[in-house]
Amino acid sequence: MNHWLLKTEPDTFNVADFAGLPARTTSWDGVRNYQARNYLRDSMKVGDSAFIYHSSCAVPGIAGITRIKHAGYPDDTAFNKRHPHYDPDSDPANPRWYMVDVQLQRALKRVITLEELRTHASDKLSGMLLLRAGNRLSVTPVEERHWRFILSLE
DNA sequence: GCCAACGTTGGC
DNA sequence: GCCAACGTTGGC
């Protein structure tokens with residue numbers, strides 16, 4: 001099983017919002033970056049786990065753990081003209097964008113902040129993509145050793 | 001709100 | 001295929 005990190009802006013969707021969803025499960029739609037798309041489409045498998053990371057907010061950090069419940073399938077919000085994620089160039093016969101379904105396992109006992117993660121950037125978390133300067137990818141793989149270490153901080 | 005870093009677009 | 005212009009991300 002692989003591990004991942006999914007970014008979300010908590011004003012739009014956050015870990016607490018899972019509580020109001022059937023089976024605490026949602027489709028992770030709206031990813032509009034090719035590298036992130038490739039991870040969703042080609043690499044994420046049912047049973048993989050993913051951190052939910054809150055970005056563009058007062059205290060950015062990892063807030064919850066989800067499990068992949070459905071592997072990559074076409075993101076149909078790209079086909080809906082009235083949807084904010086509409087992309088006229090995504091053809092239903094040859095979809096450009098993909099999404100997965102994720103189910104919340106649990107919120108973390110506390111948010112493990114970006115600030116705290118950075119203090120480990122040169123040792124235990126060396127090489128972690130999230131901490132790389134200028135990183136903007138909203139879907140990134142997380143190495144097993146990084147995953148375990150982050151959970152040990154909780 | 002600023003701005004650096006990055007991805008995408010489009011003219012050539 | 002190059003690369004400048006532009007739009008977006010996301011920490012601060």
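Every chain is numbered from 1 and lettered A, B, ... according to where its sequence line falls, protein lines coming before strand lines. Predicted model, so just to flag it, every value in this text is computed and none were measured.
- Side-chain contact check for A:D42 and A:Y98: no donor-acceptor pair (N or O, by modelled atom type) lies under 3.5 Å.
- Comparing B:dG7, C:dG10, C:dG11 against the side chain of A:N33 picks out B:dG7 as the nearest.
- In this structure, A:L117 atom CG and C:dG10 atom P are separated by 15 Å, rounded to whole Å.
- As rounded to whole Å, 15 Å separates atom P of C:dT9 from atom CD of A:Q35.
- For A:L137 and B:dC6, the CG to P distance is 11 Å, given to the nearest whole Å.
- With sequence neighbours excluded, no residue satisfies side-chain hydrogen bond (donor to acceptor under 3.5 Å, both in side chains) with A:W147.
- We find that CG of A:D89 is positioned 9 Å from P of B:dG10, with the value rounded to whole Å.
- Applying the salt bridge (Lys or Arg N to Asp or Glu O under 4.0 Å) test between A:E154 and each of A:R106, A:R148, A:R110 identifies A:R106 as the sole match.
- Counting to the nearest Å, the P atom of B:dA5 and the CZ atom of A:R132 are 13 Å from each other.
- Rounded to a whole Å, the CG atom of A:N135 is 9 Å from the P atom of B:dC6.
- For the pair A:K7 and A:N135, the minimum side-chain heavy-atom distance is below 4.5 Å.
- Atom CG of A:L6 is separated from atom C1' of C:dT9 by 16 Å (rounded to the nearest Å).
- The side chain of A:Y53 places an N or O atom within less than 4.0 Å of a non-bridging phosphate oxygen (OP1 or OP2) of C:dG11.
- To the nearest angstrom, C1' of B:dC6 lies 16 Å from OH of A:Y34.
- Distances were taken from every side-chain heavy atom of A:R136 (C-beta onward) to each of B:dC6, B:dT8, C:dG11; the shortest belongs to B:dC6.
- Between A:K7 and the phosphate of C:dG10, there is a side-chain N or O to OP1/OP2 separation shorter than 4.0 Å.
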